[in-house]
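Structure, as structure tokens:
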Amino acid sequence: MKYYVPRFELGVLSNSQRLMEDKFGGLPWGIPARFWPICRSCGKSMSLIVQLNHHDERLNLGRKGRCLFVFMCSNPDSYCEPTWNSSEGCNSSFVVEPEALENNLSFPPDVAEPETAQIRNCENCAYDQSWVADRTIWIQTEVRISKWIQMHDEIPKSDRSNFTDETKYSETSEELLKSIYSGTKLGSVPSWIQSPEYSDWTFVAQFDDYFGFHTPLPEPDDIGCPVGQGDRYNYQRFLPKTQRLDSPREVTQNENRSTNDDPRWFCEGPNFGDAGSGYLFIKFDGELLPKSEFIWQCH
Ligand SMILES: [Zn+2]
């Protein structure tokens, strides 16, 4: 089956956003405040995990211009734990019609004077412990997508449903399961860490809990966070003059790079537990907007 893998650009190294585009983290684009999901556990606005636009091949949302949003609670004042499924109310995913979208970056509804509030990566909550809850916008690391690359795997389209059905999945050969791409992708079938779920839904995307970049390793002062080089026996951390609070906590050079297809450096992505993966599903319900569900699994 066809699937699509992204080439990433770190948000703090990119031009400021001017248009709707597929992206991870940062402030969402175009979502009206009334649609911004609030965490059922702590009552704080959630943070954007990803927003993905309808695309006839990559992500069929049934209509051009529709956008699928995934949010998750990232509030360091509460550390809401059950973000792994939507029934607990600590994550939320939904599709918005183009007519309802705005043409600007969006700010959460529960932050006073959002234009002047501090935008802070939730990874940087330990950097210094002082923040004012209603003057702080917690974001996940912003990562933009410079292009999607079309790939193919060995999974026949006719076997698609085998990969969300627990019985059929258990009868699938180890070799075929190992051949499934487990990184961030749109399309094909999920590479499960635990057992299959959502048998009556359509799998549309999987998300890794880190980002790999093919751009040159940035300088600490360009990125505003420490840059690590070396292996675990000889790891050196080069510090910026000033830490940017909207940057990742740290980025790390890929010491094991062997081909041009391998990323040059990494940063952490959303917290999906211990080396976890996020899984996104949709379901069409008549003429209405497709429904969506997001879960994560970890080791
Ligand atoms: Zn919460």
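Here the structure is a predicted model, which is why all the values come from computation and not from measurement. Index from 1, following the sequence. Atoms within a ligand are numbered from 1 in the order they appear, just like the ligands themselves.
Note on the Zn ion (ligand 1): protein N/O/S atoms under 2.8 Å are C39 SG, C42 SG, C73 SG, C80 SG.
The aromatic rings of Y279 and F203 are tilted relative to each other, their planes meeting at an angle between 30° and 60°. Note on ring orientation: taking the six-membered ring where Trp is involved, the planes of W131 and W138 are perpendicular (angle over 60°, cut-offs 30° and 60°). Ring geometry for F35 versus F94: interplanar angle over 60°, hence perpendicular rather than tilted (30 to 60°). Note on ring orientation: taking the six-membered ring where Trp is involved, the planes of Y198 and W201 are perpendicular (angle over 60°, cut-offs 30° and 60°).
Side-chain atoms of T252 and Y235 include a donor-acceptor pair closer than 3.5 Å.
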Side-chain donor-acceptor pairs under 3.5 Å in residues 266-273, sequence neighbours left out?
from	atom 1	to	atom 2	distance (Å)
E268	OE2	R249	NH2	2.9
N271	OD1	G273	N	2.9

